[in-house]
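Here is how names work: the chains are called A, B, and so on, in the same order as the sequence lines, proteins then strands, and each is numbered from 1.
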Amino acid sequence: MGLSRESLLRAYRQMKTIREFEERAHAEIMNGQIAGFTHLYTGQEANAVGVCEHLSGSDTIISTHRGHGHCIARGADVIGMMKELWGSSEGLCKGKGGSMHVADIENGILGANGIVGGGPPISVGAALAQKIRGTTNVAVSFAGDGSVNQGTTFEAMNLAVVLKVPAVFVIENNYYSEHTNISYAVGCDDLKARTEAFGFPVFVADGSNFFDVYEAAGKAIEHCRQGNGPAGIFAETGRFHGHFVGDPQDYRAEGELDDLRENSDCLKIFRTNTADMSEISASDLDAIDAEVMELIDRSVTEAKAAPRPTPDQVTEDVYINYGAA
Amino acid sequence: MGLSRESLLRAYRQMKTIREFEERAHAEIMNGQIAGFTHLYTGQEANAVGVCEHLSGSDTIISTHRGHGHCIARGADVIGMMKELWGSSEGLCKGKGGSMHVADIENGILGANGIVGGGPPISVGAALAQKIRGTTNVAVSFAGDGSVNQGTTFEAMNLAVVLKVPAVFVIENNYYSEHTNISYAVGCDDLKARTEAFGFPVFVADGSNFFDVYEAAGKAIEHCRQGNGPAGIFAETGRFHGHFVGDPQDYRAEGELDDLRENSDCLKIFRTNTADMSEISASDLDAIDAEVMELIDRSVTEAKAAPRPTPDQVTEDVYINYGAA
Amino acid sequence: MSQKTMRDAINEALHQAMAEDDSVFVIGEDVAGCNGAPSGKVGVTGGVFGITGGLYEKFGPLRCIDTPISESAIVGAAAGAALMGMRPVAEIMFADFIGVCMDQIVNQMGKFRYMFGGKSECPAVIRFAAGGGFSAAGQHSQAMYQVMTSFPGLKVVVPSNAYDAKGLMLQAIADNDPVLFFEPKALYQVACEVPDEMYKIPFGEAAMVREGDDVTVVAFGQMVGKAAEAIDSLEESGITCDLIDPRTTSPLDTKTILESIEATGRLVVVDEAPPRCGLTTDIAALAASKAFHSLKAPVVQVSAPHSPTPFSPELEAAYIPSVERIVAAIKEVTA
Amino acid sequence: MSQKTMRDAINEALHQAMAEDDSVFVIGEDVAGCNGAPSGKVGVTGGVFGITGGLYEKFGPLRCIDTPISESAIVGAAAGAALMGMRPVAEIMFADFIGVCMDQIVNQMGKFRYMFGGKSECPAVIRFAAGGGFSAAGQHSQAMYQVMTSFPGLKVVVPSNAYDAKGLMLQAIADNDPVLFFEPKALYQVACEVPDEMYKIPFGEAAMVREGDDVTVVAFGQMVGKAAEAIDSLEESGITCDLIDPRTTSPLDTKTILESIEATGRLVVVDEAPPRCGLTTDIAALAASKAFHSLKAPVVQVSAPHSPTPFSPELEAAYIPSVERIVAAIKEVTA
Ligand SMILES: Cc1ncc(C[n+]2csc(CCOP(=O)(O)OP(=O)(O)O)c2C)c(N)n1
Ligand SMILES: Cc1ncc(C[n+]2csc(CCOP(=O)(O)OP(=O)(O)O)c2C)c(N)n1
Ligand SMILES: [Mg+2]
Ligand SMILES: [Mg+2]
């Protein structure tokens, strides 16, 4: 696989950062500290990180309602994100977007998105811009197993093939859209095949294993960078929390959550996978754990102390300019 | 195949009726007699008739912008249709719909439709009604090779599989959506396979051959009537006119139209196919030809003489009742 | 008769309508819930807002139908079934999602009857949770009913309390035209006295929520309660107001509104949607055209600003019209 | 300078903007045309209305891009490319097709900047052929700009003549906010003097098409010409009018409108869309709220009725506001 020590440590750090960001957000929501609708990415970290480890420069991602993980993996400022969840005017989006709209255009993050299926068409546009400019950059859209049934997602996939643009479609199958299982909502038996029938290769990955996602993503992204048009990644994964915070999760099998946390925890799996590697040691990872905990603590402390927006800010940022130009 | 003499003659009569309806509409549009946007079905008659010959009772169809043929095949009143094209208040839709909205709910025609991809979701609803009521009726949606790229069409196909409703998706591939060829607009190489990947069988037919369409449609419709969920029909066909009347048709290959009229004329092919059949003779068909010409002439004469709508009718038929119930 | 929340009142209306009429069914995302799930507990969700709770258990999978995330197909399915004589009640969850299914609502369902020359009926109801108040930000907070009001062929309902919600829902289901039913989600948990039996509230008949002499206040949805609060707080200052809740924005009870303006000569219109081409302009324009000679003062419109809905609770509080802003408007119009 | 139709004027603007700036490209159905076709004549269509003619030949397949019939993906592609700094001009053919792509316009493109805290720019233009006059019936005749005006974050342009269309299109392309550009299709073949060189018309500055003393007439799109005709026909009766063409409905030049009403004291508003929650109510409400004390008579709104657009030419003629109805409205407001 040829991942450098630096890459390995960064990957672990990001997965751990996402995990702790989400677990802390969960706790703070339960404390009544965070308003709005928040969807946590806990359990799916390896998907975001395995893909984003391949990205740099003006490669872009676009995310979903479950967007924290993708944004952190692509390099969004964690403290700015926590402030955004708190609704501070110092948040990444000045408190105007919140959890579902975290974005950081300068860092290649075209936003979380509250509309299921909202992202893929926009990502095709970002990919088109890359193609017109003749770069080898790619545009990645993340989507859930539920979002693949939204018409906009289908249209985006076909258009990407027609225009032969470097659009990477990542489907994260966590088996549920809200409370509905994929076995009900996706009519066909084989979603990977249905996706491939649109005319691009789809690479399958175990979404709880960073190395597996990294490898599949590498193939898909390379396919795109070579100018072969779009590609897909289909990752099986699991979310450790409910659809939203407070979800009673009546849909789960008995023991499902325990099993997920026990056997599909990307952090544990990463530690196991790297146990024999000379490049990194358990104490490297322990050190990262401590640093991440410190960062997340700090992000919450800062978010709590951060300035609140003022009423006059409501009408700012609607337009760049409005009225006579 | 086991088609009775009655069925054979009816099928021929309907194809011929569609043909002459369209050719006459074409002439009258060129004469400036018919307003609005009109899309002619000439050349594709066997598709509509091959499918609708299987339908009766409360089986429904829903059509497209190119809807005259489907409506005639399902039994719409030809004179009422011609009056509708003329915009008379005696038209099938009182002059309010025109060519793109010909409908006849009582006869199972849920309407032509000016929105590409507008019909399939509605047809799934009609199929759902049949399923809830426990009938063996089916709901057929016609769609072009262009409409299969519209998100609504994809959603309808998946939902039909999920709900296992008797929805028949007929894709008429006439190779063009407006001026764009299917080889460009459908990204994948195999549209039949892309459609089947949604999870239902698709039966292929030569759309210029009534018998072929009839056979494929029979399989698809039977699949649905048996309660197996949706099915598809994929027919290769050709339109003899432009996308709309007045289209310069720059997209055609040299000789393409001559070739279509020469080798893909469903009326000629029907005559050839039935030449050896004892049930019907050429003179039977000649007699039908004469009757159809007479009917179409009469429809135009009546349409020209039919009453015109009056301004007060503009605000009628918006609601059944409006205001306090 | 007992205290019921708007959530329970609508749920009760659905239960009663489905029990009474076989052709009524509900369809939408997780309206049953847990379909295909390993727990096997199909039906326990009853919609993410709980409005369709218990329907699956009572009426089974053919009448409480879960769908994929495919709003165009959901509306189309309702529209097509309604053309066939069924009475579907589809849930589109957040009103904002009209963005992904507007064609089926506006160009299909809403126009069948006209385009087909009056020869069809489409008795479908589409339900939405509408409006702000949850820090749900730009894509989950819009009212949208003002936009839908502009499209002929659709009836548009916006209840402001649990009692009305039940009666309007029963009317919506019985109505033979397509109905869009916008439920102010801020009111789901607000309770009032709601009869146990079935009753219908006719469309196009406004409710007179307060009666007074000085000002006509017209308010919609969750603004009705705030307007009532504002009016009540002005009691001691001696200003009294008519408070009109149109309940349906299409059809609109222009008669009640105009008669009130003729009596008071002053108009305040309150809606939570942004200010352009919405209901505050609609009612203000009605007054300017049809009650001009009665008006004694400029009409005051109270709305959200021309901005998307912000996330931050402080920003959203400044965004949605408040009791204070309504009080100020009433004072301004009587100044 | 020469006589050009609105079609040619917009086409010229596109040619010039694309020649000047590499980041401008067009995308839509058949904007090139004949892609994949056996004739090999790619590019000869130039859009079904001919607005993008010659662009493929001049700028090639990377800047004149045909698409499948996938309007959500078209708008999304424009929005995404614009976020990356390109300046796409997407064609959605008929404005009615907003029904199948509204989310991408309203909830995505129009809200990026706000939801992202002012840290993004989305300089996309979406073009539509709007309005009635072609017997195109209910799904191909809607104005739609009144609906889009209600959504914050979008700029909305409605030119009434070829000269304005060119200058507004060049401004739209240069503008760093998302712009919806509604071309009244009834005016495509109407010509006027249009300079050959590039020029921009700023947004939010109305045109004063006629000047007079008695009545302020505000009209939009294809109604501007009809209003001018109506006003001119009244010359001998001694009634003179200001005729204001806002040119952009968002931003709206309220200053010009209010100043005129203050001077005339009478207002007629004309739009071809149906009457509810539209631009006639918007302008009438503006007057009722901000120019009330100047008004001497009820505001008269001239619009289509609350019906879908009918097919039959006679019905459509009765549906779209006519010169006669505008004349009657002006007489009514001055009576
Ligand atoms: C257009 C639209 N429809 C419905 C919703 C409500 N909704 C939010 S998340 C969600 C489920 C998404 O499932 P999936 O795509 O599998 O993503 P996951 O939540 O599993 O990450 C739904 C239905 C929405 N936000 N947008
Ligand atoms: C949503 C929508 N987009 C675009 C159009 C314009 N339009 C009308 S017909 C057509 C082509 C349809 O092609 P196809 O589905 O192959 O049907 P055909 O015309 O070949 O019968 C297009 C693009 C439309 N009516 N609706
Ligand atoms: Mg999922
Ligand atoms: Mg075709």
Side-chain angles (χ1 to χ4, degrees), chain C residues 72 96-108 110-111 114-115 137-139 142 146-153 249-250 252 267 269 273-293 295 297-301 304-311, chain D residues 72 96-108 110-111 114-115 137-139 142 146-153 249-250 252 267 269 273-293 295 297-301 304-311:
Chain C
S72 287
D96 313 69
F97 304 164
I98 287 174
V100 292
C101 58
M102 186 169 88
D103 185 74
Q104 290 289 323
I105 297 173
V106 159
N107 288 329
Q108 309 295 341
K111 292 186 182 142
Y114 194 76
M115 298 190 304
Q139 297 174 335
Q142 293 167 94
Q146 87 283 12
V147 175
M148 291 297 110
T149 300
S150 73
F151 290 105
T249 65
S250 184
L252 179 71
L267 175 64
V269 200
R276 301 294 314 282
C277 297
L279 283 161
T280 66
T281 70
D282 198 72
I283 306 299
L286 177 72
S289 291
K290 303 280 188 243
F292 176 75
H293 294 296
L295 281 179
V299 176
V300 179
Q301 302 176 55
H306 188 65
S307 312
T309 314
F311 161 68
Chain D
S72 288
D96 314 69
F97 304 165
I98 287 173
V100 292
C101 58
M102 187 169 88
D103 185 74
Q104 290 289 324
I105 297 173
V106 159
N107 288 329
Q108 308 295 341
K111 293 188 182 138
Y114 194 77
M115 296 189 307
Q139 296 173 335
Q142 292 167 97
Q146 87 284 11
V147 175
M148 292 296 111
T149 299
S150 72
F151 290 105
T249 64
S250 183
L252 179 71
L267 174 64
V269 200
R276 300 294 316 282
C277 296
L279 283 160
T280 66
T281 69
D282 198 72
I283 306 297
L286 177 72
S289 291
K290 303 281 186 239
F292 176 75
H293 295 297
L295 281 179
V299 177
V300 179
Q301 303 176 55
H306 188 65
S307 312
T309 314
F311 161 68

A.B. asks: With a 4.5 angstrom heavy-atom cut-off, could you sort out which part of C/Ile98 is near chain D: side chain, backbone, both or neither?
C.D. replies: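 Both the backbone and the side chain of C/Ile98 come within 4.5 Å of chain D.
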A.B. asks: Which atom names give the shortest non-hydrogen contact between C/Pro308 and D/Tyr114, and what distance separates them?
C.D. replies: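 C/Pro308 and D/Tyr114 have their closest heavy atoms at O-CE2, 3.3 Å.
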A.B. asks: State, to 0.1 Å, how close C/Leu279 and C/Val269 come at their nearest heavy-atom pair, and which atoms those are.
C.D. replies: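 Scanning both residues, the minimum pair turns out to be O-CG1, 4.1 Å.
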A.B. asks: Give, as side chain, backbone, both or neither, the part of D/Leu295 having an atom under 4.5 angstrom from any heavy atom of chain C.
C.D. replies: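 For D/Leu295, backbone and side chain are both near chain C.
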A.B. asks: Please name the pair of heavy atoms, one in C/Phe311 and one in C/Ala137, separated by the smallest distance, quoted to 0.1 Å.
C.D. replies: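 Minimum heavy-atom separation between C/Phe311 and C/Ala137: CB-CB, 3.9 Å.
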A.B. asks: Count the heavy-atom pairs under 4.5 Å between each of D/Pro152, D/Ala285, D/Gly278 and chain C, then report the option with the highest count.
C.D. replies: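 Top option by heavy-atom pairs under 4.5 Å: D/Pro152.
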A.B. asks: What are the two closest heavy atoms between C/Pro274 and C/His306, and how far apart are they?
C.D. replies: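 Looking at all heavy atoms of both residues, the shortest contact is CB-CA, 4.4 Å.
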A.B. asks: Quick one: what part of C/Val100 sits under 4.5 Å from any heavy atom of chain D, side chain, backbone, both or neither?
C.D. replies: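 It is both, since atoms from each part get that close.
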A.B. asks: Does any heavy atom of chain D fall under 4.5 Å from the side chain of C/Pro310, the backbone, both, or neither of them?
C.D. replies: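 Answer is both: backbone and side chain atoms of C/Pro310 are under 4.5 Å from chain D.
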A.B. asks: In terms of heavy-atom pairs under 4.5 Å, which option from D/Leu252, D/Val106, D/Ile105, D/Val300 contacts chain C the most?
C.D. replies: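 Maximum pair count with chain C is reached by D/Leu252.
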A.B. asks: Among the options D/Ala288, D/Ala284, D/Pro298, D/Gly110, pick out the one with the most heavy-atom pairs lying under 4.5 Å from chain C.
C.D. replies: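 Option with the top pair count is D/Pro298.
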A.B. asks: Filter on side-chain hydrogen bond (donor to acceptor under 3.5 Å, both in side chains), then keep only pairs touching residues 283-293 of chain D, sequence neighbours left out; what's left?
C.D. replies: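 Every side-chain hydrogen bond (donor to acceptor under 3.5 Å, both in side chains) pair that includes a residue of residues 283-293 of chain D, provided the two are not neighbours, is C/Gln301-D/Ser289.
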A.B. asks: Which bit of C/Gln104 comes within less than 4.5 Å of chain D, counting heavy atoms only: side chain, backbone, both or neither?
C.D. replies: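 Neither part.
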A.B. asks: Could you walk me through whether C/Arg276 and D/Asp282 pass side-chain contact (heavy atoms from CB on, under 4.5 Å), step by step?
C.D. replies: CA-CA 6 Å; C/Arg276 301 294 314 282; D/Asp282 198 72; 2.7 Å; yes
A.B. asks: Between D/Cys277, D/Gly99, D/Ser72, which residue shows the highest count of heavy-atom pairs closer than 4.5 Å to chain C?
C.D. replies: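 Among D/Cys277, D/Gly99, D/Ser72, the one with the most close pairs to chain C is D/Cys277.
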A.B. asks: Tell me which of these, C/Ile283, C/Asp103, C/Thr280, has more heavy-atom pairs under 4.5 Å with chain D than the rest.
C.D. replies: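 That would be C/Asp103.
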A.B. asks: Could you go step by step and tell me if D/Val147 and D/Gln142 meet the side-chain contact (heavy atoms from CB on, under 4.5 Å) rule?
C.D. replies: CA-CA 10 Å; D/Val147 175; D/Gln142 292 167 97; over 6 Å; no
A.B. asks: Chain C: which of D/Pro305, D/Ser250, D/Ala297, D/Ala287 shares the most heavy-atom pairs with it under 4.5 Å?
C.D. replies: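 Maximum pair count with chain C is reached by D/Ala297.
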A.B. asks: By ring pair (Phe, Tyr, Trp, His ring centres under 6.0 Å), which residues pair with C/Phe151, not counting sequence neighbours?
C.D. replies: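 Applying ring pair (Phe, Tyr, Trp, His ring centres under 6.0 Å) to C/Phe151 gives none.
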